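Report on one structure; see the data block that follows.
None of the values given here were measured: they were computed from a predicted structure.
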Amino acid sequence: QELAFSGQVPLQTDIRGLASLGEQIFVGGANGLVQILTLQGQPQGSMQEPGMITALKAVEGWIFVGFTGAQTGMGHVKAYNLNSKDGTTKTYDLVRNPQTFPAAHERGVTSICIAGDALLTGGLDGQVRSWRLQGEVWQPTDEAALILGSEVTALLFDAATRCMYIGSSVGEVKMLRPPEKDGTTW
């Protein structure tokens, strides 16, 4: 069924990402704007990032926005906690190391997915990185990343098989099983 606002989303730019959460749709644009809409297409607010939106993911009160920094070309991920304890929206930048590397990826973020209790991000740098929620902040699981050797273009986690699928810029899809001994998390 086609929605009434099809083609009428007020972004004035290329649409680069879509996500939904409850009664809201999040539309990310090349201009760095994430527009928040009702299911009927009515604007409810927006978030502005300093670069082109490249990935969006919404899950359990969190919105994750991947973007390429306009000045640096690095891949950034911002997490918006819509269900914080004090009732306000909290924002967090996912960074590998605040002192030495203030970004999530060396190049643009292309994909974001949830795998059990982990957040996975893929990038043009050919890396898949894993993040875990500690308190209210998403932290990298370690400095090591899965390095694909070509640009990561898509990520998918299948909960039934607990396998991760990684799409690449060279036309390959790789399937990986969880690294943990119990096979439940990434």
Exercise: identify the closest heavy-atom pair between [X] and [Y]:
{"X": "R177", "Y": "C163", "answer": "NH1-SG, 3.1 Å"}
{"X": "T38", "Y": "I25", "answer": "O-CD1, 4.1 Å"}
{"X": "S150", "Y": "V170", "answer": "OG-CG2, 3.8 Å"}
{"X": "A30", "Y": "T13", "answer": "CB-OG1, 3.5 Å"}

Full working for side-chain contact (heavy atoms from CB on, under 4.5 Å) between M74 and E106
CA-CA 5 Å; M74 290 184 184; E106 293 168 16; 5.9 Å; no
Name each donor-acceptor pair under 3.5 Å that joins a side chain in residues 44-59 to protein atoms two or more places apart or in another chain, with its distance.
residue, atom, partner, partner atom, Å
Q44, OE1, Q24, NE2, 2.8
Q48, NE2, N31, O, 3.0
Q48, NE2, G32, O, 3.4
E49, OE1, K78, NZ, 3.3
E49, OE2, Y80, OH, 2.4
T54, OG1, G66, O, 3.2
T54, OG1, V109, O, 2.4

Would you kindly confirm whether [X] and [Y] end up in one hydrophobic cluster when ILVMFWY residues are joined by side chain heavy atoms under 4.5 Å apart?
{"X": "L176", "Y": "I147", "result": "no"}
{"X": "V77", "Y": "W138", "result": "yes"}
{"X": "V34", "Y": "L21", "result": "yes"}
{"X": "I114", "Y": "V137", "result": "yes"}
{"X": "W62", "Y": "V95", "result": "no"}

Using side chain to side chain donor-acceptor pair (under 3.5 Å) as the criterion, list what pairs up with E172, not counting sequence neighbours.
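Here no residue qualifies.
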Under the side chain to side chain donor-acceptor pair (under 3.5 Å) test, which residues partner D158, sequence neighbours left out?
T161
So, using side chain to side chain contact (heavy atoms under 4.5 Å, CB included) as the criterion, who are the partners of L155 when residues are at least two apart?
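Checked L155 against side chain to side chain contact (heavy atoms under 4.5 Å, CB included); matches are S111, C113, L120, V128, V152, M164, I166.
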Mind checking side chain to side chain contact (heavy atoms under 4.5 Å, CB included) for N83 and listing every partner two or more places apart, or none if nothing turns up?
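Side chain to side chain contact (heavy atoms under 4.5 Å, CB included) check on N83 returns N81.
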Verdict with reasoning, R162 to F157, per side-chain contact (heavy atoms from CB on, under 4.5 Å):
CA-CA 7 Å; R162 296 187 305 265; F157 177 74; 4.3 Å; yes
Do Q35 and P43 make a side-chain contact, defined as non-hydrogen atoms from C-beta onward lying under 4.5 Å apart?
yes
Please round to the nearest 0.5 Å and tell me the distance separating atom [atom1] of [X] and atom [atom2] of [Y].
{"X": "I63", "Y": "S20", "atom1": "CD1", "atom2": "OG", "value": "8.5 Å"}
{"X": "L82", "Y": "T89", "atom1": "CG", "atom2": "OG1", "value": "5.0 Å"}
{"X": "F64", "Y": "L119", "atom1": "CZ", "atom2": "CG", "value": "5.0 Å"}

Give a yes or no on whether the backbone of G75 and the side-chain of T68 come within a donor-acceptor separation of less than 3.5 Å.
no
Closer than 3.5 angstrom, by distance alone: can the side chain of R107 be matched with the main-chain N or O of L124 as a donor-acceptor pair?
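Yes.
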Is Q71 atom CD crowded by more than 12 heavy atoms from other residues, nucleotides or ligands, each under 6.0 Å away?
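Open: at most 12 neighbouring heavy atoms sit under 6.0 Å from CD of Q71.
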Pairwise ring pair (Phe, Tyr, Trp, His ring centres under 6.0 Å) hits with a residue in residues 92-131, at least two apart:
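Qualifying pairs: none.
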With side-chain contact (heavy atoms from CB on, under 4.5 Å) as the criterion, how do R132 and D117 come out once you've worked through the C-alpha distance, each side chain's angles and the decisive distance to 0.1 Å?
CA-CA 7 Å; R132 284 216 167 46; D117 65 345; 3.3 Å; yes
